[in-house]
2 protein chains.
Amino acid sequence: MAPINRPEKARTSTFLPAGHDHIQCQRQALRAAEQQCQLDKVRLTPLRREVLELIWQNHRPVKAYDLLDRLKVNHPGAVPTTVYRALDFLLEHDLVHRLQSLNAFIGCGTPGDPHRGQFLICRQCGTVAELQNTDLHQQITEQAAGLGFQVDNETIEIFGACADCQRT
Amino acid sequence: MAPINRPEKARTSTFLPAGHDHIQCQRQALRAAEQQCQLDKVRLTPLRREVLELIWQNHRPVKAYDLLDRLKVNHPGAVPTTVYRALDFLLEHDLVHRLQSLNAFIGCGTPGDPHRGQFLICRQCGTVAELQNTDLHQQITEQAAGLGFQVDNETIEIFGACADCQRT
DNA sequence: AAGTATAACGTTATAATGTTACGTTTTTCT
DNA sequence: AGAAAAACGTAACATTATAACGTTATACTT
């Protein structure tokens, strides 16, 4: 399946600008998720919503069992299945990403957009930036095509030091 | 750390040409590993060598516990630590790669080369091709640099259908 | 509105993956 | 030969993820 190729410039959703209002950011993410679910005609149930809310508490990846611990506060009966089922739903509808290198999850800021999965991950502070680099995507797709390989999913996870952490 | 940027064209190590002589391929890989270890002045012990040999039995990723089962044939005392220690060694010396999306391992055909980790993975037959796409690497490094991010490691794992599997 | 199909969730058990800690053996280096 | 370092043995355990099956809630049809 050839990818959508919008003529946009490379952009990034984080690293966070100085005055980042996260309360607002989280609220906005949940609103976007609700809209996306309406469009997709699927149900963002209270449980799923709560998991998504927990994921959006910051811009660092969360592990499933941490999520579980946090979920238990309001949801004493929660067990691994509870979390993994919610995560499966959120992944399927592109509301969160899975970071394979970390076995962890992070909210997706742009649920409607073509969904790739290009991440910069700071080893030190753990902050993750999601890239939307169309050129990169296209270059990969083209090289693959040259080898007769038809791409259906890409995982790009780049580790290193973010600007803040380099200074320290 | 700025990457080595050799003016090479994009290349790939597999998908396998029609008449691929795997016995020869495996032997060659082990020879290369031995040489690399000599250069690095580290020891490719019988255990490590045996694990590497098992990994090179084909061009599909192997899971650690599968490796363990296979290792037990000649090595009844083997336990997870046995395998993971060998894998740690092999990874550290760039003799194998870890595929994060699969929790699996695969031999590296070019131990001496600058070591990135760009893979095409066929969902159907499981065959993996390692790419050495310098442009891709450079593009990532540059975009990251533009965000003040200093790359130290990249994981690129592309899933899809290889040429053979598309035909079926 | 009742009946039925489907989706979501609860519950228990277990599988798969990976690590820690500590002791012993082997190799290397002086 | 003796000391230091590396490799390996062994047991326990931590983390991550899924399977199987039953119940409850929601949506869909008539």
Side-chain angles (χ1 to χ4, degrees), chain A residues 33-34 36-55 60-93 95-106 126 155 157, chain B residues 33-34 37-38 40-55 60-93 95-106 126 155 157:
Chain A
E34 271 157 7
Q36 191 60 41
C37 285
Q38 282 208 339
L39 274 173
D40 292 359
K41 299 199 196 308
V42 294
R43 290 159 55 203
L44 188 62
T45 63
L47 196 51
R48 290 163 177 176
R49 210 194 121 93
E50 194 171 341
V51 169
L52 186 58
E53 223 170 303
L54 291 173
I55 290 176
R60 264 167 275 123
V62 204
K63 314 217 104 200
Y65 278 72
D66 290 349
L67 220 42
L68 175 56
D69 288 342
R70 296 209 246 141
L71 189 61
K72 276 180 177 159
V73 175
N74 287 336
H75 246 271
V79 291
T81 346
T82 317
V83 166
Y84 280 106
R85 279 206 282 234
L87 286 171
D88 285 347
F89 172 87
L90 297 170
L91 286 167
E92 187 169 357
H93 297 286
L95 303 174
V96 308
H97 293 279
R98 178 192 190 104
L99 296 172
Q100 304 283 4
S101 328
L102 298 174
N103 293 328
F105 303 86
I106 191 158
T155 293
E157 298 176 6
Chain B
E34 271 157 9
C37 285
Q38 282 207 341
D40 292 359
K41 300 198 195 308
V42 293
R43 289 159 55 202
L44 189 62
T45 63
L47 196 52
R48 289 165 176 173
R49 209 194 122 93
E50 194 170 343
V51 170
L52 186 57
E53 223 170 304
L54 292 173
I55 289 176
R60 264 167 275 123
V62 204
K63 312 217 105 199
Y65 277 71
D66 290 350
L67 221 40
L68 175 55
D69 288 342
R70 294 209 248 142
L71 189 60
K72 276 179 178 161
V73 175
N74 287 335
H75 247 272
V79 290
T81 350
T82 315
V83 166
Y84 280 107
R85 278 205 283 234
L87 287 171
D88 285 346
F89 171 87
L90 297 171
L91 287 167
E92 186 169 359
H93 297 286
L95 303 174
V96 308
H97 292 280
R98 178 190 192 106
L99 296 172
Q100 303 285 2
S101 328
L102 298 174
N103 292 330
F105 303 85
I106 191 159
T155 294
E157 297 176 7

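In the text below, chain A, chain B and the rest are named by the order of the sequence lines, each starting its count at 1.
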First of Pro46(B) and Ala104(A) reached from the 5' end of DNA chain D, by closest nucleotide: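 Nearer the 5' end of the strand: Pro46(B).
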Spacing of [X] atom [atom1] relative to [N] atom [atom2], expressed in whole Å:
| X | N | atom1 | atom2 | answer |
| --- | --- | --- | --- | --- |
| Leu91(B) | dG18(C) | CG | C1' | 13 Å |
| Asp88(A) | dC9(C) | CG | P | 12 Å |
| Leu87(A) | dT18(D) | CG | P | 10 Å |
| Leu68(A) | dG10(C) | CG | P | 12 Å |
| Leu67(B) | dG18(C) | CG | P | 12 Å |
| Arg98(B) | dT17(C) | CZ | P | 10 Å |
| Asp40(B) | dA6(D) | CG | P | 15 Å |
| Leu44(A) | dA8(C) | CG | C1' | 13 Å |

Sugar-phosphate only, base, or nothing, as touched by Arg48(A) at under 4.0 Å among non-hydrogen atoms: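 Contact class for Arg48(A): sugar-phosphate only.
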With no angle test and no hydrogens, is the base of [N] tied to the side chain of [X] by a donor-acceptor pair under 3.5 Å?
| X | N | answer |
| --- | --- | --- |
| Arg85(B) | dG18(C) | no |
| Tyr65(A) | dA17(D) | yes |
| Thr81(B) | dA11(D) | yes |

Give a yes/no answer on whether the side chain of [X] brings an N or O atom under 4.0 Å of OP1 or OP2 in [N].
| X | N | answer |
| --- | --- | --- |
| Tyr84(A) | dA17(D) | yes |
| Lys63(A) | dT15(D) | no |
| Asn103(B) | dG18(C) | yes |

What nucleotide among [options] has an atom nearest to a side-chain atom of [X]?
| X | options | value |
| --- | --- | --- |
| Ala64(B) | dG18(C), dA17(D), dT11(C) | dG18(C) |
| Thr45(A) | dA17(D), dT10(D), dC9(C) | dC9(C) |
| Arg43(B) | dG9(D), dA6(D), dT16(D) | dA6(D) |

Minimal non-hydrogen separation, Val83(A) against Ala64(A), with atom names: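 Taking Val83(A) first and Ala64(A) second, the nearest heavy atoms are CG1-O, 3.7 Å.
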Any donor-acceptor N/O pair, Arg70(A) side chain to Leu54(A) backbone, under 3.5 Å: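 Answer holds: yes.
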Donor-acceptor contact below 3.5 Å, side chain Glu157(A) vs main chain Gln100(A):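 It does hold such a pair.
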Arg98(B), CZ: over 12 other non-hydrogen atoms inside 6.0 angstrom: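 For Arg98(B), atom CZ is crowded (more than 12 foreign heavy atoms under 6.0 Å).
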Residues, nucleotides or ligands: over 12 heavy atoms within 6.0 Å of Glu34(B) CD: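 Atom CD in Glu34(B) is packed in, count exceeds 12.
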